[in-house]
Amino acid sequence: MGNQEKEPVFSAKNLKLFTAPLGRDNPITVQVLGICSALAVTVKLKPAIVMAISVTIVVAFSNVIIAAMRKYIPDRIRIIVQLVVAATMVILVDQILKAYAFDVSKQLSVFVGLIITNCILMGRLEAFAMANKPWPSFIDGLGNGAGYGLILIIVAFLRELLGSGSIYGYPVMEKLGLYSIGYENNGMMILPPMALIVVGLIIWVQRSRNRSLIDK
Amino acid sequence: MMNFLRKGISKIKPHFTEGGKLGKFRSVFEGFESFLFVPDRVTFKGSHVRDSIDLKRTMSVVIMALLPALLFGAYNTGLQHFRSIGAEAEPLEMFLFGFMKILPLIVVSYSVGLGIEFIAAQIRGHEINEGFLVTGLLIPLIMPVDIPLWMLAIATAFAVIIGKEVFGGTGMNVFNPALIARAFLFFSYPAWMTGEKVWTQGMIKGENIIDGFSGATPLALCAAGETSKIPSFMQMFIGTIPGSIGETSTLAILIGALILIITGIGSWKIIISVFSGGLAMGLLLNFFAVNPYMEVPAYYHFVMGGFAFGAVFMATDPVSGAQTEKGKWIYGFLIGVMSILIRVINPAYPEGVMLAILLMNVFAPLIDYFVIQSNINKRLKRAGRAIKLQQDERVQ
């Protein structure tokens with residue numbers, strides 16, 4: 001390892017670590033991880049964005065810490081160590097939200113705490129950070145958090161627009177005058193099953209555009 | 001006329017075969033051709049004789065079975081409307097009035113559904129599936145008459161795409177597509193699907209309603225505990241009560257059931273078992289009755305709400321229902337039990353048939369698996385005994 005040539009900070013390989021989870025290696029639509037929170041926090045855009053940022057921060061920094069310690073973690077207790085690190089990060093994020101964004105924190109309720117059980121987080125720590133240096137691990141964490149957040153925001157955008165008739169709290173449908181011609185908000189969009197169907201539709205669109213993702 | 005059509009179609013047919021200049025539209029052409037004429041397809045290998053009945057003929061019979069409910073629904077729509085505004089009208093006038101109100105629903109349901117089916121078949125290069133012929137008529141029949149057309153269009157699209165095409169098209173769907181459409185509307189736009197005002201044409205739009213006309217369905221009255229106000233059994237059996245378009249007349253539905261059973265297209269086992277399940281649950285509730293709703297005679301449940309319609313036209317859907325003969329009994333019985341249970345016990349849902357059938361649709365494959373597996377086990381045991389007997393004889 002010592003004599004290995006120093007890699008540039010934003011090498012093509014590192015960039016790919018960031019872009020792959022956004023598209024063809026997306027944690028939600030391809031790996032089908034982190035679905036529960038995607039159903040729970042996507043009724044409105046605001047909590048979805050906050051959740052996306054929280055998960056990104058937790059995954060990125062947990063990744064860095066685990067990657068830095070990876071050589072000193074005894075193999076047999078590695079899951080416990082990972083959990084301790086992740087839990088610390090989650091508690092930090094939770095406290096910061098409570099202090100500076102109390103309303104959103106209340107809306108997100110247990111789901112911030114539940115980031116600790118988010119499969120994406122544990123998956124990245126176990127699969128990537130345990131075997132890579134801190135910097136690539138950081139980028140990998142950012143990428144996976146952003147890939148998760150991207151889907152969350154698309155789902156939340158559609159659900160808020162069709163379910164509540166607004167975008168980020170702004171009443172678009174009312175301003176367009178759609179209610180006066182008989183349009184009504186779709187009550188089912190606010191229910192969790194519809195989030196599952198929207199995620200399914202996104203998966204459908206993605207796989208029909210990228211046929212290599214289709215399972216044989 | 002028919003000869004002329006046949007000749008015309010035969011003449012243009014070569015264009016639509018593979019490699020013909022309009023080969024791309026093969027599926028559309030085939031769809032129309034086989035809609036008009038029995039396909040002349042024959043088998044070439046072995047001694048198989050093709051039955052003259054195919055999916056399209058099956059569907060036509062179901063449509064015929066639905067006609068009594070549709071025609072009565074048109075009459076009843078008119079009847080309820082004129083009753084609500086306190087006007088007198090001839091039966092024919094009522095029928096025509098109702099028919100003109102229902103027609104747009106049917107047109108929207110068919111054009112949206114068939115449009116999507118045509119496009120899907122074209123994209124996949126499949127034959128056009130005629131499964132929608134029945135679904136397209138079922139959907140309007142289970143709607144309140146005043147449902148806005150754009151909502152109906154969205155629900156139909158949702159049912160065909162998410163309820164059917166996603167699973168691979170006709171014959172592959174897990175759920176009954178017509179019920180998916182209704183469930184979608186029920187959860188999306190509850191204001192248009194439940195309550196007292198939606199069942200009578202014009203009422204929700206605020207037309208002049210005479211004093212004393214309520215428009216509440218018998219089920220709503222029961223749920224509110226006003227069981228003394230529900231119409232007589234005979235009136236509910238004939239169907240001159242508020243409700244979804246096609247569901248009110250048990251009599252018309254029974255005529256349809258007779259057609260389905262005689263032609264062997266609807267499973268009489270499912271129909272009978274749904275009714276017996278409902279009766280069993282009704283009697284059980286009567287026995288433990290603690291409120292007026294639970295005291296409603298069990299057989300009243302047959303003529304209230306969509307119970308009969310669901311039993312005859314929805315539960316018997318051969319695709320989403322159980323396939324094994326024993327399974328059909330279990331499947332139907334549980335639908336009956338669940339319907340009445342949801343209806344009477346759960347205050348959030350005045351009608352339970354839709355949810356009961358959708359729920360049992362999910363369980364149908366499991367029921368079939370259980371029936372087949374238990375049969376295999378039984379035969380294995382029998383075979384095991386026979387082998388053991390042989391061995392014993394050999395030892396002696």
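Model, not experiment: these values are computed from the prediction.
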> What part of B:Ile161 lies closer than 4.5 angstrom to a heavy atom of chain A: side chain, backbone, both or neither?
Replying inline: side chain

> Considering heavy atoms only, which positions within residues 154-186 of chain A lie below 4.5 Å of chain B?
Replying inline: A:Gly182, A:Tyr183, A:Glu184, A:Asn185, A:Asn186

> Where on B:Phe186 is there a heavy atom nearer than 4.5 Å to chain A: the side chain, the backbone, both, or neither?
Replying inline: neither

Review item, side-chain donor-acceptor pairs of residues 172-179 of chain B, under 3.5 Å, at least two apart:
| residue | atom | partner | partner atom | Å |
| --- | --- | --- | --- | --- |
| B:Asn173 | OD1 | B:Gly171 | N | 3.4 |
| B:Asn173 | ND2 | B:Phe175 | O | 2.9 |
| B:Asn176 | OD1 | B:Ala178 | N | 3.0 |
| B:Asn176 | ND2 | B:Met314 | O | 3.4 |

>> Using modelled atom types and a 3.5 Å cut-off, is there a donor and acceptor pairing between side-chain atoms of B:Asp146 and backbone atoms of B:Val198?
In response: no

>> Can you confirm whether A:Ile77 sits close enough to A:Val81 that some side-chain heavy atom of one is under 4.5 Å from a side-chain heavy atom of the other?
In response: yes

> With a 4.5 angstrom heavy-atom cut-off, which part of A:Ile197 approaches chain B: side chain, backbone, both or neither?
Replying inline: side chain

>> Checking side-chain polar atoms at under 3.5 Å, does B:Gln80 have a donor or acceptor matched by the opposite partner on B:Thr200?
In response: no

> Counting only N and O atoms by type, is there a donor-acceptor contact under 3.5 Å from the side chain of B:Glu351 to the main-chain atoms of B:Arg343?
Replying inline: no

> With under 30° as parallel and over 60° as perpendicular, where do the rings of A:Trp135 and A:Phe138 fit, or are they tilted in between?
Replying inline: parallel

> At a heavy-atom separation under 4.5 Å, does A:Met189 approach chain B through its side chain, its backbone, both, or neither?
Replying inline: neither

> Can you find a side-chain donor-acceptor pair between A:Asp140 and A:Ser137 that sits under 3.5 Å?
Replying inline: no

> So, the side chain of B:Arg182 versus the backbone of B:Ile139: is there a donor-acceptor pair under 3.5 Å, distance only?
Replying inline: no

